[in-house]
Number of protein chains: 2
Amino acid sequence: MTTSTNPCPSENKKHCHHDMQVNCGNCRLNTICLPIALETDQIDQLDKIIQRGRPLRKGEHLYHANDPFTSVYAVRAGAIKCYSITNDGKEQVTGFYLPGEVLGMDGISKHRHGSSAKALETSAVCEIPFENLGDLSTRIPSLQRHFFQLMSQEITQDQELITLLSKNSAEQRIAALLLSISSRQARRKLSATRFRLPMSRTDIGNYLGLTVETVSRVFSRFQKLELIAVDNKELELLKPDTLRLMVDGEEGE
Amino acid sequence: MTTSTNPCPSENKKHCHHDMQVNCGNCRLNTICLPIALETDQIDQLDKIIQRGRPLRKGEHLYHANDPFTSVYAVRAGAIKCYSITNDGKEQVTGFYLPGEVLGMDGISKHRHGSSAKALETSAVCEIPFENLGDLSTRIPSLQRHFFQLMSQEITQDQELITLLSKNSAEQRIAALLLSISSRQARRKLSATRFRLPMSRTDIGNYLGLTVETVSRVFSRFQKLELIAVDNKELELLKPDTLRLMVDGEEGE
DNA sequence: ATCGCCCATTGACACAGGTCAACCCGGTTT
DNA sequence: AAACCGGGTTGACCTGTGTCAATGGGCGAT
């Protein structure tokens, strides 16, 4: 409920007293982030292992693919894009992470990050050293359970994306992405119908397996049909129900 | 360390005494399955919570989407296909699971299975009740770590599939699947170049976001180019290196 | 054997989305 | 203010894959 939307207005300063005050107990995201389902004193324990660095500026990396894996990260503000480079040198966007969401879990298996993570805008993240989280999880079973759930959720989401890519048209994919962002906005108690897209058209296309041109055309088409109103990255969903219908599509029947 | 490679040679018989004797300690898959990295006495503890039911016949379900989630499963023999039904009623294959592989982890987050699991041929699975596994994990940190790794691996694999679907041609997708099965064969010390595809062309197409017709045409083309030899479901990779090149593709350059 | 069924293959054609190219717009450099 | 640059939009055309339809082959049931 701060007046400024930017968590750290003086982002150039090395230390931002704003950030130093943050902890899981008072973070306004603690009902949707890792601490969910933890007791107050357990949150304090979790809090002790979490590290909060300086904010990332747009374009800065949180980690690179193949960096040794040490931590997972929770987004506190801003937006992070995860991507990997395919063997033939192309970028593949694997996900967008918004405040309250946890990224980096794909690095656990190989002890190296499987993808790179880059700030799409000025962002703040909480670093959660994985060793400590593992230890703590053996002492707080509900934390272990919750973390299992987080990973399982990531799997479910990836599988939904797989379905989207393998079965749905360009329009359906884009409608689905817009609705996904919308519902994640709602989870944070922000407007579900008006928001700013943190990522470029190119990123959207890359994520959804489409070219920029197609993304642009679909946006234009949606605009013409008055399903949405776009002004560059500012977006308003005018008829979310219609979009929902497109995604849940009767067409195939 | 058994002499027979097939854990249940007389697979038509309702009860196969072989199966009743199986435990993690003597299972020939224990170097690639869950017990990996456990001590002997820890394996015994794991073994105690694992349940081994009767084999599944082809077409039988291990669980259905939306069944309450209680367990994850390790395949001991045969092959399992996981799939979900999209909101417009189409099937989406989300994965094929071969011996030594663990499935069902997408159910953890919602306490319900996110997909259905069906035997592609006569199969045997080990059921691992998740509550018990969680408890045991708090006492055996290496088990917890390994299970985290398994889930992370599933995430990585899903992301690879996402990349495949969003960036690669029909030929590349199919080449990639063949190589994936090949390497999983090798992991089990079976031939990496000759094997039987347990799934139908339709399933392959569904999994890879292609139609049956396209799958069939690509198989024919590969056959004509003498990259593979196909006889219905029997497959031989004649030039795995060429296939590998197709997947790692220079083309885009 | 014969029937029926399902899976696989092949061909002809259509179309969604990719490719290539031109242009626009807002911001930054000179 | 001119030149530049990256991101976005739009148009014209092309192509890989889907769609539809016909045919064949394997296998279980009778």
Side-chain angles (χ1 to χ4, degrees), chain A residues 58-59 81 88 90-93 118 120-121 164-177 196-225 228-235 246 249 251-253, chain B residues 12 57-59 81 88 90-93 118 120-122 164-178 196-225 228-235 246 249 251-253:
Chain A
K58 175 174 175 168
K81 153 179 115 170
D88 55 322
K90 285 176 289 195
E91 176 173 325
Q92 168 68 43
V93 175
K118 185 160 140 180
L120 289 170
E121 54 191 43
L164 200 66
L165 291 175
S166 96
K167 294 274 183 306
N168 294 90
S169 67
E171 296 199 348
Q172 292 177 313
R173 295 183 208 182
I174 290 176
L177 176 63
R196 182 184 159 78
L197 294 172
M199 69 296 278
S200 70
R201 302 286 192 269
T202 308
D203 285 336
I204 292 177
N206 193 312
Y207 177 65
L208 296 175
L210 303 168
T211 57
V212 209
E213 293 94 329
T214 301
V215 175
S216 188
R217 277 188 258 263
V218 170
F219 271 48
S220 302
R221 223 175 301 154
F222 282 1
Q223 171 125 266
K224 197 160 291 169
L225 295 169
I228 63 175
V230 230
D231 174 25
N232 206 1
K233 309 213 153 175
E234 293 298 332
L235 193 84
M246 293 187 59
E251 27 59 76
E253 234 54 13
Chain B
N12 288 338
R57 279 187 307 263
K58 176 174 175 169
K81 152 178 116 172
D88 56 323
K90 285 176 290 196
E91 176 174 325
Q92 169 68 45
V93 175
K118 185 161 140 180
L120 289 170
E121 54 191 42
T122 305
L164 201 66
L165 291 176
S166 94
K167 294 273 183 305
N168 293 89
S169 68
E171 297 200 346
Q172 292 177 313
R173 295 183 207 182
I174 291 176
L177 176 63
L178 297 183
R196 182 185 159 78
L197 294 172
M199 70 296 278
S200 70
R201 303 285 193 271
T202 308
D203 285 336
I204 293 177
N206 192 312
Y207 177 66
L208 296 175
L210 303 168
T211 56
V212 209
E213 292 94 329
T214 301
V215 175
S216 189
R217 277 187 260 264
V218 171
F219 271 49
S220 301
R221 223 175 301 155
F222 281 1
Q223 172 125 265
K224 196 160 293 168
L225 294 169
I228 63 175
V230 229
D231 173 25
N232 205 359
K233 309 213 153 174
E234 293 298 331
L235 193 84
M246 292 187 60
E251 27 60 74
E253 234 50 15

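Because the structure is a prediction, the values reported are computed rather than measured. Letters A, B, ... mirror the listed sequences (proteins, then strands); counts begin at 1.
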Q: Please check the phosphate of D:dG7 (OP1 and OP2 only) for any side-chain N or O of A:Thr202 closer than 4.0 Å.
A: no
Q: Below 3.5 Å is the cut-off: list the nitrogen or oxygen pairs between protein and nucleotides 22-29 of chain C, distance only.
A:
none

Q: Choose from D:dG8, D:dT19, C:dT9 the nucleotide whose nearest atom is closest to any side-chain atom of B:Arg201.
A: C:dT9
Q: In Å, rounded to the nearest 0.5 Å, how long is the span from CG of B:Asp203 to CG of B:Leu197?
A: 11.0 Å
Q: Can you check whether B:Asp231's main-chain N or O pairs, donor with acceptor, with B:Glu234's side chain at less than 3.5 Å?
A: no
Q: Within a strict 4.5 Å, meaning less than it, do heavy atoms of the A:Leu208 and A:Thr214 side chains meet?
A: no
Q: Classify the nucleic acid contact of B:Ser200 as base, sugar-phosphate or nothing, counting any heavy atom under 4.0 Å across all strands shown.
A: sugar-phosphate
Q: Rounded off to whole Å, could you give me the CD-to-P distance for the B:Glu171 and D:dG18 pair?
A: 13 Å
Q: For D:dG16 and B:Thr214 - does any side-chain N or O of the residue sit under 4.0 Å from the phosphate oxygens OP1/OP2?
A: no
Q: Nearest 0.5 angstrom please: B:Leu165 CG to B:Leu210 CG, how far?
A: 8.0 Å
Q: What nucleic acid atoms does A:Gly205 come within less than 4.0 Å of, heavy atoms only: base, sugar-phosphate, or nothing?
A: nothing
Q: Quickly work out the A:Lys233 NZ to D:dG8 P distance and round it to whole Å.
A: 5 Å
Q: Find out whether B:Lys81 and B:Met199 are in side-chain contact, i.e. whether some heavy atom of one side chain is under 4.5 Å from a heavy atom of the other.
A: no
Q: Atom CG of A:Leu235 and atom CZ of A:Arg196: how far apart are they, to the nearest 0.5 Å?
A: 11.5 Å
Q: A:Lys224 has an atom NZ; how far is it from atom P of D:dT9, in whole Å?
A: 12 Å
Q: Inspect the contact between A:Glu121 and A:Lys233 and indicate whether a charged nitrogen and a carboxylate oxygen are less than 4.0 angstrom apart.
A: no
Q: How many whole angstroms separate atom CD of B:Glu213 from atom P of C:dA8?
A: 11 Å
Q: Give me the distances for all protein-to-nucleotides 25-30 of chain D N/O pairs that come in under 3.5 Å?
A:
none

Q: Are any non-hydrogen side-chain atoms of B:Lys58 and B:Leu120 less than 4.5 angstrom apart?
A: no
Q: Please report the distance, rounded to the nearest Å, between CZ in A:Arg196 and C1' in D:dG7.
A: 13 Å
Q: End-to-end bend of the helix from C:dA1-D:dT30 to C:dT30-D:dA1 (five-pair axes, 10° rounding)?
A: 40°
Q: Is there a side-chain polar atom (N or O) of A:Thr211 under 4.0 Å from OP1 or OP2 of C:dG18?
A: yes
Q: Starting from P on D:dG16, measure out to CE on B:Met246 and report it in whole angstrom.
A: 13 Å
Q: Within a strict 4.5 Å, meaning less than it, do heavy atoms of the B:Tyr207 and B:Arg173 side chains meet?
A: no
Q: With salt bridge (Lys or Arg N to Asp or Glu O under 4.0 Å) as the test, would you mind laying out the steps for A:Lys118 and A:Glu91 before giving the verdict?
A: CA-CA 13 Å; A:Lys118 185 160 140 180; A:Glu91 176 173 325; 5.7 Å; no
Q: Between CZ of B:Arg201 and CZ of B:Phe219, what distance do you get to the nearest 0.5 Å?
A: 4.5 Å
Q: Nearest 0.5 Å, what's the OG-CD1 distance between A:Ser216 and A:Ile204?
A: 10.0 Å
Q: Nearest whole angstrom, please: distance from the P of D:dG18 to the CG of B:Leu208.
A: 11 Å
Q: Going by modelled atom types, is there a donor-acceptor pair between the base of D:dT19 and the side chain of B:Arg217 at under 3.5 Å?
A: yes
Q: Whole-Å distance between C:dT10 P and B:Gln223 CD?
A: 9 Å
